[in-house]
Amino acid sequence: MNNFLNELKWRGMLADVMPGTEDWLNQGPIAGYVGFDPTADSLHVGHLVQIMLLVHLQRAGHTPIALIGGATGMVGDPSGKSQERNLLTPDTIAHNTQAIQKQMEAFLDFSSAKLLNNLDWFGNMGFIDFIRDVGKHIPVNYMTAKESVKKRLETGMSFTEFTYQLLQGYDFYYLYQHHHCRLQMGGTDQWGNMTTGTELIRRKAGGEAFAFTTPLITKADGTKFGKTESGNVWLSPEKTSVYDFYQFWLRSSDADAARYIRIFTLKSKEEVEALESEHQGAPHELKLQRCLAEDITQRVHGQEGVIMAEKTSNFLFGKASTEELKSLSEKEILQIFNGVPTFFISHSDLSSCSELADLLAVKTSIFSSKGEARRMIQSNAVSVNQSRVANDFLPAPENLIQGKYLLVQKGKKNHNLIVIQ
RNA sequence: GGGGAGAUACUCAAGCGGUCAACGAGGACAGACUGUAAAUCUGUUGCCAACGGCUUCGUAGGUUCGAAUCCUGCUCUCCCCA
């Protein structure tokens, strides 16, 4: 029954495991949970690791529980945060909760998996009840020994955030009592909160519960995973276009791609190893990165998303000439440049431009200032309609594709579409 | 309650009356090389009508021909004593 931990192990998804977890998992189907706080109206790629845990759990025949923190999100988890954060309003949290719940449904089969919201059990609990029923069981010295608290003792931490581990601990206790859940999973930064839960279960219910964590996902160069120049990579296509999402994975380095494909896809060990050796034989084909990007984009945005992102990528990074670009029909243009940042300007905007930098920094915000635009143009970094241009170049009507489009490329990887209407 | 230190650009961090749009490092972006990789080398990194101009050094005033640098009030942060 339990290939679960082994599966996670070869994929490099195991960091700390509480003693006894494996033995217990071997005893038969169990229920395990991961919590997600609704701090934004979409999950991002960092959450994907945790989601994959639930997916593996389900595939191993167990019951995954995705817990949305409608209540804990009101408080704010201090883990891994060096500063106190602002509270979100209840409205925002409710909205975020809904959005995240919806996203969850794409990954798990909720005919057997469970989707819960801890507001359901915290919503009506009074403060006095809480400190009597929960607070009484966990000593403050135990709480302050946690890394998440210790780190903040000097710089300061509100009582609110200090309490967070108790809330999360109670979640685990509640799931233990009502859903036979004895396993909690999460990122390494959650370890302290997770052990507060097992401790509460031990003290309050005399029960035994288990936990393990996934390692912090990093990039080979040591920088933070899941960020691009424009910020977080979100699962919501409104916040990160499907094209950008696909590109995020495609651009990962060889070392990263090999690790990511284990973590974020369900490909078997044999498949992964075969891909790796294939990749080594012809690294320029980016086989590993392509498979990775395709697989994840497929899971998050569906087959259509993959087709579109690939089409756009192939066009923009292929050697499409100005002529090829000009030969595109309007329909093709709209299809290909879907997901590429687009700016709308008027014909008078275009004709009133005194220089290219004016068009790129003032009429559109492709660059943040004219100075920057000029510098970039001077360093040979800007192309219009697939050919390098100088600052004295100004698009004339005959340069517009289909009479209304301009493709502006900044550097190697940033494409923008200007629509003149 | 008493005493001390400090607040500089994305971050760290120099500067202590003119030569400061502000040393240096990191980061970021770009160019070359490549494979939309890594490493390496190079350039850029306040804004503009640009061999010049304008606005920046917590905030509000003041001294001075001239201030990030000196003085005063205010706000915030940290440390020590009680």
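Heavy atoms only: backbone and side chains are in, while hydrogens, waters and symmetry mates are out. To find a chain, count down the sequence lines: A is the first, B the second, and so on, and within it residues start at 1.
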- Message: Using whole Å, what does the distance between atom C1' of nucleotide B:G27 and atom NZ of A:Lys219 come to?
- Response: 12 Å

- Query: For A:Trp249 and B:G35, what is the distance between atoms CH2 and P respectively, to the nearest whole Å?
  - Reply: 25 Å

- Summary of side-chain hydrogen bond (donor to acceptor under 3.5 Å, both in side chains) pairs that have at least one residue in residues 98-107 of chain A, sequence neighbours excluded: A:Ser42-A:Gln103

- Query: A:Phe367 has an atom CZ; how far is it from atom C1' of B:A28, in whole Å?
  - Reply: 14 Å

- Can you name the residues that form a ring-ring contact (aromatic ring centres under 6.0 Å, His included) with A:Phe317, not counting sequence neighbours? A:His415

- Item | Same-atom distance (C1') from B:U72 to B:U64, integer angstrom | 16 Å

- Message: Is the ring pair A:Phe162/A:Phe159 parallel, tilted or perpendicular, if the boundaries are 30 and 60 degrees?
- Response: tilted

- Message: Say we look at B:U75 and B:U59: how far apart would their P atoms be, to the nearest angstrom?
- Response: 15 Å

- Message: If you take the centroid of each ring, where Trp contributes its six-membered ring, are A:Tyr170 and A:Phe122 closer together than 6.0 Å?
- Response: yes

- Of all pairs that satisfy salt bridge (charged side-chain N to carboxylate O under 4.0 Å, His left out), the ones with a partner from residues 32-53 of chain A, not counting sequence neighbours: A:Asp41-A:Lys239

- Could you tell me the separation between the CG atom of A:Asn380 and the P atom of B:C29, rounded to a whole number of Å? 19 Å

- For RNA chain B, determine which residues of residues 269-278 of chain A have any heavy atom closer than 4.0 angstrom to one of its atoms, and list them numerically. none

- Task: Could you say whether A:Leu250 or A:Gly411 is positioned toward the 5' end of RNA chain B, judged by the nucleotide with the nearest heavy atom to each?
- Result: A:Gly411

- ring-ring contact (aromatic ring centres under 6.0 Å, His included) with A:Trp234: which residues, sequence neighbours excluded? A:His44

- Query: Mapping A:Tyr246 and A:Ser379 to their closest nucleotides on RNA chain B, which lands nearer the 5' end?
  - Reply: A:Ser379

- Can you give one letter per nucleotide of nucleotides 43-53 of chain B, going 5' to 3': B for a protein heavy atom under 4.0 Å from the base, S for sugar-phosphate only, - for none? -SS-SSSB---

- Those residues at least two apart in sequence (or on a different chain) that pass side chain to side chain contact (heavy atoms under 4.5 Å, CB included) with A:Leu216 are A:Thr188, A:Thr218

- Give none if B:A25 has no partner; otherwise give the nucleotide forming a Watson-Crick or G-U wobble pair with it, both distances under 3.5 Å. B:U11

- Task: With sequence neighbours excluded, tell me which residues meet ring-ring contact (aromatic ring centres under 6.0 Å, His included) with A:Phe367.
- Result: none

- How far does the P atom of B:C10 sit from the matching atom of B:U42, given to the nearest Å? 26 Å

- Base paired to B:G35 (Watson-Crick or G-U; both N/O distances under 3.5 angstrom): none

- Message: By the side-chain hydrogen bond (donor to acceptor under 3.5 Å, both in side chains) test, which pairs, at least two apart or in different chains, include something from residues 376-385 of chain A?
- Response: none

- Message: For the C1' atoms, the ones on B:C65 and on B:A14, what distance do you get once it is rounded to whole angstrom?
- Response: 28 Å

- Distance between the C1' atoms of B:C81 and B:A67, in whole angstroms? 36 Å

- Can you tell me how far C1' in B:G24 sits from the matching atom in B:A30, rounded to whole Å? 22 Å

- Item | Opposite nucleotide pairing with B:U72, Watson-Crick or G-U, both atom distances under 3.5 Å | B:A60

- Item | Interatomic distance at C1', B:G26 relative to B:G35, whole Å | 28 Å

- Given that both distances must come in under 3.5 Å, which nucleotide forms a Watson-Crick or G-U wobble pair with B:C20? none

- Query: How is A:Gln247 classified with respect to the nucleic acid when contacts are heavy atoms under 4.0 Å: base, sugar-phosphate, or nothing?
  - Reply: base

- Message: Base, sugar-phosphate or nothing for A:Ser354? Non-hydrogen atoms, less than 4.0 Å.
- Response: nothing

- Task: Both distances under 3.5 Å, Watson-Crick or G-U wobble: report the partner of B:C78, or none.
- Result: B:G4

Filtered N/O pairs between nucleotides 37-39 of chain B and protein, under 3.5 Å:
from  : atom 1 : to       : atom 2 : distance (Å)
B:A37 : OP1    : A:Lys413 : NZ     : 3.2

- Inter-nucleotide C1' distance (B:G73, B:U63), Å rounded: 15 Å

- Query: Does A:Asn414 place a side-chain N or O at less than 4.0 Å from the phosphate oxygens OP1/OP2 of B:A30?
  - Reply: yes

- Task: Go ahead and name the base partner of B:G66; Watson-Crick or wobble counts if both distances stay under 3.5 Å, otherwise write none.
- Result: none

- Item | A:Glu398: partners by side chain to side chain contact (heavy atoms under 4.5 Å, CB included), with sequence neighbours left out | A:Ala396

- Mind checking what makes ring-ring contact (aromatic ring centres under 6.0 Å, His included) contact with A:Phe210, not counting sequence neighbours? A:Trp24

- Message: Whether A:Glu330 and A:Lys404 form a salt bridge (side-chain N of Lys/Arg under 4.0 Å from carboxylate O of Asp/Glu) is what I want to check.
- Response: yes

- Query: Would you say the side chains of A:Thr196 and A:Lys146 form a donor-acceptor pair under 3.5 Å?
  - Reply: yes

